[in-house]
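Within every chain, numbering begins at 1; the chains are lettered A, B, ... in the order of the sequence lines, protein sequences first and strands thereafter.
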Amino acid sequence: MGNTSKEFDIRLHVLVPKHEVLPKEEAREVLERYKVAPHQLPLIKSTDPAAKAIGAKHGDIIKITRNSPTAGKAIAYRYVIER
Amino acid sequence: MMRIPKLIDRMDFSLMSPDEIRRVSVTKIITADTYDEDGYPIERGLMDSRLGVIDPGLRCRTCGARSGSCPGHFGHIELARPVVHVGYADTIHNCLRATCRKCGRISLPEPKLDDYRERIREMMAAGRKWWGVAHEVIRSASSVGKCPHCGEEKVKLKFEKPTAFVEGKNRLSPSDIRERLERITNDDALLLGINPKIARPEWTVLTALPVPPVTVRPSITLESGVRSEDDLTHKLVDIIRINQRLSENIGTGAPHLIVEDLWELLQYHVTTYFDNGVSGVPPARHRSGRILRTLAQRLRGKEGRFRGNLSGKRVDFSARTVISPDPNISINEIGVPEHIAKTLTIPVRVTEHNLEEVRNLIRRGPDIYPGANCMTSPDGKRYDLRYADREDLAKTVEPGFVVERHLTDGDILLFNRQPSLHRMSIMAHLAKILPGRTFRLNLSVCPPYNADFDGDEMNVHVPQSEEAQAEARILMGVQEQIISPRFGGPIIGGIQDHITGAYLLTRKGTRLTREQAQQLLAAVGLFVALPKPAVREGGAGYWTGKQIFSMLLPKGLNLTFKAKICENCTRCKKEECPIDAYVVIRDGQLIHGVIDARSYKALERCEVLDRIVKDYGTTIAREFLDRTTKLSIAAAVMLGFTTGIDDEDIPPEAKERIEEVLEEAGARVNKLIEVYNAGELEPLPGRSLRETLEMRIMGVLAESRDRAGGIAEKYLGLDNHAVIMARTGARGSMLNLTQMAACVGQQSVRGERLSRGYKGRALPHFKPGELGAEARGFVESNYKDGLKPLEFFFHAMGGREGLVDTAVRTAQSGYMQRRLINALQDLRVEYDNTVRDGRGAVVQFMYGEDGVDPARSDNGKAVNVEKIIERTIGG
């Protein structure tokens, strides 16, 4: 969304882990599972290149799947804030 | 249980309004005097008895309590003219430059302000700080030239530190400032970072000054009967004097200039009253010339209220003395001098079960060792056993009393050595009362404390409550800390002689007679029958060291690994290893291989100890360690072990060959320099010619040092004691030995050959620009024969770098650790395996991403599948 065809898509870079916007339903489940308010999650700015690349907006929750030396795959969630 | 009179629901840190200052004040202070001729406090003076009491026997005129229970009460001074509070000068500056001088609104258009307000509201709702937004507002508003609300031109405002503001050419008086701040609306104040619900901008300019209670600034009476006042009182006296003169001069209509001068003086006194260390203001001094310690000085710095009194509290029930080693006590124990044991006490509640025992303790009193120092009856009366009739007291004791008895064997103690860098710096030990004046500790616990015995001192703390004792025992016990959470391996284990001894005992060829074998077992304290002797000869049986060592291994232990002495041959001969480096343990029997650092040395990959802790539990591991160390020491003593400089002797032919190698290297270096000078040197990719030359030379010299070392090593075999220590990992390295025997090698600073000192050379004995091996710090001598004078200086230059590095590193890492601890102190792993901070916000969704505690993992994994398969199938 955020990138035009000629721009480099940072999602393809090896060092950028997989980001995806959670659907509202799943986002609520995440908050329920960890029993937290959105602001108690780690934050990410909506201007963050990775957030922009997937078109995340204020209030969304991003799911980040990254490779982990200890666990193989690790999942983290971030709450998108403005600016 | 004590009734809770009030529950704190919330706290706000804010400014005090002048009204609030007056409201909490019990009296207005008008005279600068403290006491009258009779020594009584003067009414409405700085020591007014309504401000609280400090003299014993008197009652407070406000609350009626005596000194000690009266908390003290604030008074206040009405300032004749307002003054700026130094601590808020920056806030005032921000408010002034962001607002219009005429209408008092923030110099930004309304829609923009609304936008900011919305952001702040959101952040407040989320419980976050909005200072970032406030700074943005201030920054953008202060660069606006014309007020968008009333059109007024902005006049350049200059902040003259610490308390003056100049607008254009006019100096703003605190009254002017206050007037302007009053004009700021509540809505705008919020945008400037001030929450109008708890503070108003104009409160940063004082019109009334709170006078702290006398309990905050107690006067002290010297032996001569002269009263000496606290620094704060002195400062308040100054303030009141000037304030009085100022109001008199205003009242009599004195010239403007005089009033201004006095006003400025009042500002000075109030400023130094708050902070006597503001730059640009000469510090207020005592009559003697000493700089006064006012409010900010009380809080600030290492000995200030925060670092000195709140973060750093002093404790009771603690002791400190020099430490010394004791290989005969368990790692769990600590030797406590009797003198300390008689001073530190543990409270015991008397019951019908321990009544007789306690009575005996009371009879023995404070001076005869297992005794008691003090007792408390159920109604709270305390009896000091030093001065009472103890026989009498022993009879009156009954269940319900609490007796403070001496420390005895088996009491739990917390043992600590500074700097407490990790959690193993404080561990729980069991007391063992010993004669002497030092704390005794087992040598295996030196690594976690990083202790040695060159004069180190350590502290002991005595947990008093049953709860604290239980907690210490279960969570902090030494044996629970064998595995370090830092790298998941043992941090407590064998050290130095423990390793050598075990190697001597378990290596091939060690043969023990019945007497010897039994003596070793006796040293360990193991009184069991010997196994069948491995060798029979001439009617007598002989035991191998491996057999004896095996007696300490738990049954069912199976391990196969390579020992530290392993030479990493290209093809491992396994069981047939010529140096016995292939270790095989089957069902708790050491079948092949030697025990060395790889098996149980602290801070290494110690296969055996690690396995025992993880498979058999900490108690068995502790027993194993206690016994192995004793066995090793006994074995080293029995078999004999020593080292001296003749261990570094190598035969003359070896010396010759080393000389040849070094000579050839010198020639090769000279050749390289020639090629370089001829401009024929091929540069390496990404390097200049000079760099290439340096790298080539360094390479040649490093290789020659290694070759020289290699030659020496051929003559240093495993029959050499120094080599045994190096190869088994007990102490020292082969590099150390070859430096002693063959060649010290290149000295360096910052990874480069030595070149600085003189112009173009390191020492004046060389030609400028000389690049040869010896001109740039190559030491071809060895430590044993001694260095040549020039080499000696080169060596000192290289050695200096190491010293500087350690000094710098400790300072830097100490500061880094402080910052990290501050940032991470509230983090904890919750029951759902998330890591959360003090607010409950998530930091990690799964501890370490895999939820595994490294101290309880197997090489970082929760389960070691191979081990399990081996145990189920291969067993």
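- Using a 4.0 Å cut-off between charged nitrogen and carboxylate oxygen, B:R605 and B:E607 count as a salt-bridge pair.
- At a threshold of 4.0 Å, the pair B:R856-B:D853 counts as salt-bridged, since one of the basic side-chain nitrogens sits closer than that to a carboxylate oxygen.
- Top candidate by heavy-atom pairs under 4.5 Å with chain A, chosen from B:M846, B:R839, B:E830, B:E849, is B:E849.
- At least one side-chain heavy atom of A:I62 sits less than 4.5 Å from a side-chain heavy atom of A:V80.
- Just one of B:V133, B:V137, B:N195 meets the side chain to side chain contact (heavy atoms under 4.5 Å, CB included) condition when paired with B:I120; it is B:V133.
- Interface check for chain B: of the options A:P38, A:G72, A:A76, the most heavy-atom pairs under 4.5 Å are formed by A:A76.
- When heavy atoms are compared at a cutoff of 4.5 Å, A:I64 does not approach chain B at all.
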